[in-house]
Amino acid sequence: MNPRDAAALVVDPEIRVITIDELGILRAVEEDPASGRVTVTITPTYTGCPAMDVIRADIRRALAAAGHADAEVRTVYSPPWSTDWISEGGRAKLAAAGIAPPEPVRAPGVVSLTLAVRCPQCGSPETEQVSRFGSTACKALWRCRSCSEPFDHLKAL
Amino acid sequence: MNGPFDFALGLGDDALVAAQRLAEWTTRAPEMEEDIALANIALDQLGAARLLLSYAGELEGAGRDEDALAYLRDDREFRNALVVELPNGDFAVTMAKLFFLAAYQLPLYTALAGCSDERLAAIGAKARKESAYHLDHGALWVKRLGDGTEESHRRMQSAVDEVWPYTHELFTADPAAPVDPASLRPAFDETVDPVLAEATLTRPQSAWAPAGGRTGVHTEHLSYLLAEMQVLHRAHPGATW
């Protein structure tokens, strides 16, 4: 398997329904044609994301399994990751797993916090935020007033 | 201050010490959601601290990495502003510190995002989005407690009175820095004043402005915080898990 495809299949360790490619944190995969050395560039969702070490290890493991043992994983911070980088396919997978996908970010630095979030279980817009901070740095905890189910919302960043 | 190293070190130490203080709330917050919120904000601060201290180490060029700077300096070598090392106090004091710090860090990181230093610009662009959430969270609690019961109002006003004098140090002029902290004061005031008004709180008029953190002269509270934060690394150099 070519290194791009191998790295793209690595799943996010904290949201295991979505790959790092769909999440938009896989920036580049380059293979040196002479040496065969692979350089993967990733970016964190949040600066303190504790999953980064696991993601780096998972990428190296996936590349080794695909025949690219000589690999380096670089981390870059610019341009900063935004939830707008989550692919359409990724959004659909989040919703299917009961995680409400983020609304689009309209202007850099401006965070809109109170747009209606649809319940990923029943589709109702009658929802409320329970806590701005959830089980991981990138999620908030919400509850549906129609079906009473609590759910995670990947908050716009 | 002297140049980019001291500047990056000061901001990195602000974030690191704030993270350590916030983490003290873990398992002790008034409700579970707040426990998770404070831990998440602590994690954001720690993330920013790691980027800033790593960069400071590179600027210094003496071979010190983020761990060496975080774990192997003594209190007099830390450059954080005093406000972040103050004890957590009650929940209102913690929220006053969170709110004031975010109201300073958001315009700071926003200004950094446009500065000529590429590394600081990247860190600023990343961190400001997280600061926006911190500010919102702090403001929400300041309003809820200030405009709440008689007791919550009393405690929130007392917290604002206690923390306010320490905010002045954050804006000490440093015209040579990539972003002059003094230039952030108007944005801070524009953020803070309406929130305090809505919370029915009074902005303190006291002119007392304790300072010294940026030059390594700290309150005694920092030494205890560092002892706890550094003990493992110093007892077991190079330990990993």
Side-chain angles (χ1 to χ4, degrees), chain A residues 14 24-25 27 41-55 57 74-85 102-115 128-143 150-157, chain B residues 12 15-16 18-19 22-23 29 31-55 102 105-107 109-114 117-141 240-241:
Chain A
E14 289 189 335
I25 63 172
R27 284 272 163 90
T41 307
I42 57 173
T43 194
T45 54
Y46 282 69
T47 51
C49 178
M52 290 302 283
D53 287 338
V54 177
I55 292 171
R74 292 174 51 229
T75 307
V76 297
Y77 297 92
S78 182
W81 179 83
S82 152
T83 38
D84 287 349
W85 293 24
E103 60 271 21
V105 181
R106 284 179 181 78
V110 176
V111 181
S112 45
L113 295 163
T114 46
L115 293 179
E128 61 187 350
Q129 182 176 261
V130 179
S131 173
R132 187 149 311 166
F133 299 88
S135 54
T136 68
C138 54
K139 286 184 279 181
L141 188 60
W142 284 62
R143 176 167 52 214
F151 64 91
D152 275 338
H153 168 49
L154 217 147
K155 57 195 180 194
L157 185 76
Chain B
L16 178 64
L22 283 170
E31 57 188 27
M32 193 186 72
E33 288 79 6
E34 196 53 33
D35 207 284
I36 295 168
L38 294 176
N40 267 289
I41 295 170
L43 200 55
D44 289 343
Q45 293 285 6
L46 188 64
R50 293 186 61 179
L51 296 179
L52 287 160
L53 292 182
S54 294
Y55 185 43
Q105 283 182 328
L106 180 58
Y109 290 141
T110 302
L112 273 187
D117 183 315
E118 275 184 26
R119 288 282 295 278
L120 287 175
I123 295 169
K126 185 84 195 147
R128 71 174 173 185
K129 302 207 282 180
E130 297 166 6
S131 284
Y133 273 100
H134 306 169
L135 180 61
D136 205 67
H137 193 70
L140 187 144
W141 273 112
T240 58
W241 64 85

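So that the names make sense, note that chain A is the first sequence line, chain B the second, and so on, each numbered from 1.
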**Study point:** Nearest heavy atoms of B:K129 and A:W81, plus distance in Å
**Key:** NZ-O, 2.6 Å
Practice item. Kindly give the heavy-atom pair with the smallest separation between B:L43 and A:P50, and that separation in Å. Key: CD2-CD, 3.7 Å
Study note, to complete from the structure: Note: A:T47 and B:D44 closest approach over all heavy atoms is OG1-O, 3.3 Å
Point to revise | Proximal component of B:L46, with respect to chain A [non-hydrogen, under 4.5 Å] | key: neither
**Study point:** Proximity breakdown for B:L38 and chain A, heavy-atom pairs closer than 4.5 Å
**Key:** neither
Review point. Between A:A137 and B:N40, which heavy-atom pair has the shortest distance, and what is it?
Key: CA-OD1, 3.0 Å
Review point. Which bit of A:T43 is near chain B, if near means a heavy-atom gap under 4.5 Å: side chain, backbone, both or neither?
Key: neither
**Study point:** Check: B:K126 side chain, A:P79 main-chain N or O, donor-acceptor pair, under 3.5 Å
**Key:** no
Exercise for review: Over 60° means perpendicular and under 30° means parallel, so classify the ring planes of A:F133 and B:H134, tilted if in between.
Suggested key: tilted
Point to revise | Non-neighbouring partners of A:Y46 that pass ring-ring contact (aromatic ring centres under 6.0 Å, His included), sequence neighbours left out | key: none
Review point. With respect to chain A, which residue among B:E118, B:R50, B:Q45, B:H137 yields the maximal number of heavy-atom pairs within a distance under 4.5 Å?
Key: B:H137
Study note, to complete from the structure: So, the part of A:T45 with a heavy atom under 4.5 Å from chain B: the answer is backbone
Practice item. Count the heavy atoms belonging to other residues, nucleotides or ligands that lie under 6.0 Å from CZ of A:R27, then report whether that count exceeds 12. Key: yes
Point to revise | CA sep, side-chain torsions, deciding dist, call: B:M32, A:S131, side-chain contact (heavy atoms from CB on, under 4.5 Å) | key: CA-CA 9 Å; B:M32 193 186 72; A:S131 173; over 6 Å; no
Practice item. Check whether any side-chain heavy atom of B:R128 sits under 4.5 Å from a side-chain heavy atom of A:P80, and report yes or no. Key: no
